[in-house]
Participant: 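Sharing a structure here in structure tokens format.
Every chain is numbered from 1 and lettered A, B, ... according to where its sequence line falls, protein lines coming before strand lines.
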2 protein chains.
Amino acid sequence: MEIKQKRMTKQKKLIMDTLASTTCHPTADWIYQSVRKNIADISLGTVYRNLQVLKEEGKIQELNYGKNQSRYDGNPQLHYHFVCESCGCVLDFNLDNKAMLSLILPAAPGSVHTHRLEVYGICQDCLKKHF
Amino acid sequence: MEIKQKRMTKQKKLIMDTLASTTCHPTADWIYQSVRKNIADISLGTVYRNLQVLKEEGKIQELNYGKNQSRYDGNPQLHYHFVCESCGCVLDFNLDNKAMLSLILPAAPGSVHTHRLEVYGICQDCLKKHF
DNA sequence: GTAATTGCAAATAATTTGCTGGGTG
DNA sequence: CACCCAGCAAATTATTTGCAATTAC
């Protein structure tokens with residue numbers, strides 16, 4: 001389950017760069033298709049292995065809100081996600097963290113380590129186009 | 001993808017009752033093992049089909065926060081979940097919904113339909129036992 | 001009676017893993 | 001040049017689905 005990794009391979013570097021350069025929150029397969037343009041014979045297993053490693057290193061986040069497929073987020077900072085129910089895109093947003101914690105801490109049935117919030121609705125683009 | 005159902009079968013009723021009578025947030029397989037005690041030849045496929053139907057009817061919620069396996073919650077009301085990182089249990093909790101929405105609405109990049117929050121930490125039981 | 005729903009088993013889909021050769025440090 | 005990590009393909013896991021038989025209404 002836990003993977004240790006010490007070397008920087010070109011595959012790992014490319015996966016990191018790919019995640020860092022996109023604002024979408026891609027699936028493993030999207031990343032695979034993307035990095036394949038540069039390293040044609042990279043394997044999907046390698047993509048999964050490196051995503052796992054990067055997650056353990058705290059460099060990326062794995063998102064799996066209510067989907068059968070995980071998405072990956074190149075931004076490891078605590079932030080929140082807005083999922084568009086029309087186009088399926090996942091957008092980042094921030095909100096007042098202190099206020100959020102002051103809501104959560106008194107209510108939580110235990111000591112709090114971290115938290116995740118996702119909001120579902122219709123994004124600005126879809127609102128303009130379809131509604 | 002979408003399933004319509006009109007009849008109340010003993011299988012469906014038992015699955016509803018099982019979910020209503022537990023405070024844990026069981027997996028499909030846990031539910032299957034549980035209902036099998038009463039209907040020995042029920043199939044896992046039927047459990048999945050009925051969970052899907054109950055979800056569409058708004059009678060239960062599916063939870064799949066960061067896990068490879070979905071859990072089901074017999075309480076369809078908006079509420080929040082606390083996941084214990086020690087024992088893995090999932091506890092319900094509530095918090096001031098108006099305050100939560102007043103945090104989210106100004107920050108969200110679109111029109112908000114619903115939201116989900118899970119908090120990770122150590123539950124009271126584990127705090128007493130292990131920490 | 002008849003159409004919805006079940007049980008069964010095979011199909012899917014995403015992800016993980018064992019093995020061996022290749023490339024990094 | 002040692003051993004970590006990639007590629008490949010097969011394995012695993014959760015879930016879904018097609019079909020004939022059963023059952024609720």
Participant: For the helix from dG1(C)-dC25(D) to dG25(C)-dC1(D), how many degrees between its two end axes (five pairs per end), to the nearest 10°?
Facilitator: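 The angle separating the two end axes equals 40°.
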Participant: Among dA6(D), dT16(C), dT6(C), which is the nearest nucleotide to the side chain of Gln11(A)?
Facilitator: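 Side chain of Gln11(A) sits closest to dA6(D).
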Participant: Can you measure Lys55(A) atom NZ to dT15(C) atom P for me and round it to whole angstrom units?
Facilitator: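 Spelled out: NZ on Lys55(A) to P on dT15(C) is 10 Å.
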Participant: Are side-chain heavy atoms of His81(A) and Phe93(A) found at a separation under 4.5 Å?
Facilitator: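 No - every pair of side-chain heavy atoms lies 4.5 Å or more apart.
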Participant: How close or far is atom P of dA13(C) from atom CG of Asn68(B), stated in whole angstroms?
Facilitator: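 After rounding, the reported distance stands at 19 Å.
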Participant: Quick one: which of His25(B), Lys55(B), Glu62(B) gives a side-chain hydrogen bond (donor to acceptor under 3.5 Å, both in side chains) with Ser70(B)?
Facilitator: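 By the side-chain hydrogen bond (donor to acceptor under 3.5 Å, both in side chains) criterion, Ser70(B) pairs with just one of His25(B), Lys55(B), Glu62(B): Glu62(B).
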Participant: In whole angstrom, give the distance that lies between atom CG of Leu44(A) and atom P of dC8(D).
Facilitator: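 Value for this atom pair: 11 Å.
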Participant: So does Thr9(A) get a side-chain nitrogen or oxygen closer than 4.0 Å to the phosphate oxygens (OP1/OP2) of dA6(D)?
Facilitator: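 Result: yes.
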Participant: Side chains of Tyr72(A) and Leu19(A): does their closest heavy-atom pair fall under 4.5 Å?
Facilitator: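 Counting from C-beta outward, Tyr72(A) and Leu19(A) do come under 4.5 Å.
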Participant: Of the nucleotides dT5(C), dC19(C), dG7(C), which one has an atom closest to the side chain of Arg7(B)?
Facilitator: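 Of dT5(C), dC19(C), dG7(C), dT5(C) is nearest to the side chain of Arg7(B).
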Participant: Find out whether Phe82(B) and Ile122(B) are in side-chain contact, i.e. whether some heavy atom of one side chain is under 4.5 Å from a heavy atom of the other.
Facilitator: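 Side chain of Phe82(B) against side chain of Ile122(B), heavy atoms only: no contact under 4.5 Å found.
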Participant: Are the aromatic rings of His115(A) and Tyr80(A) close, with centres under 6.0 Å apart?
Facilitator: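 Yes: the rings meet the under 6.0 Å criterion.
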Participant: For Asn50(B) and dT6(C), what is the distance between atoms CG and C1' respectively, to the nearest whole Å?
Facilitator: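 Atom-to-atom, Asn50(B) to dT6(C), this comes out as 9 Å.
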Participant: Among the candidates dG7(C), dA24(D), dT16(D), find the nucleotide nearest to the side-chain atoms of Thr46(B).
Facilitator: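 Output: dG7(C).
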Participant: When the distance from CD1 of Ile39(A) to C1' of dC5(D) is rounded to whole Å, what number comes out?
Facilitator: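 Computing the Ile39(A):CD1 to dC5(D):C1' distance gives 13 Å.
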Participant: Let me know the distance between CG of Leu14(A) and C1' of dA6(D), rounded to the nearest Å.
Facilitator: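 To the nearest whole Å, that distance equals 14 Å.
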Participant: Does the side chain of His79(B) pick up a donor-acceptor pair with the side chain of Asn94(B) at under 3.5 Å?
Facilitator: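 Result is no, nothing qualifies.
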Participant: Distance from Thr23(B) atom OG1 to Asp92(B) atom CG, nearest 0.5 Å?
Facilitator: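 It comes to 8.5 Å.
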Participant: So, OP1 or OP2 of dT15(D): does either fall under 4.0 Å of a side-chain N or O from Ser70(B)?
Facilitator: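 For dT15(D), OP1/OP2 do have a side-chain N/O of Ser70(B) under 4.0 Å.
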Participant: Check every atom of dG7(C), dT6(C), dA6(D) against the side chain of Arg49(A) and return the nucleotide holding the closest atom.
Facilitator: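 Nearest to the side chain of Arg49(A) among the choices is dA6(D).
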Participant: Mind calculating the distance between OH (Tyr32(B)) and P (dA9(C)) to the nearest angstrom?
Facilitator: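 Going from OH in Tyr32(B) over to P in dA9(C) covers 11 Å.
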Participant: Tyr48(B) side chain: which of dA14(C), dT15(D), dC8(C) is closest?
Facilitator: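 Within the option list, the nearest is dT15(D).
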Participant: Round to the nearest Å and state the distance from Gln52(A) atom CD to dA14(C) atom P.
Facilitator: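 Roughly 18 Å, once rounded to whole Å.
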Participant: Could you please name the option among dG7(C), dT15(D), dA6(D) that lies closest to any side-chain atom of Gln69(B)?
Facilitator: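 So the side chain of Gln69(B) is nearest to dT15(D).
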Participant: Which residue, Lys10(B) or Gly45(B), contacts DNA chain D at a nucleotide closer to its 5' end, judged by nearest heavy atom?
Facilitator: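 Looking at DNA chain D, the more 5' nearest nucleotide goes with Gly45(B).
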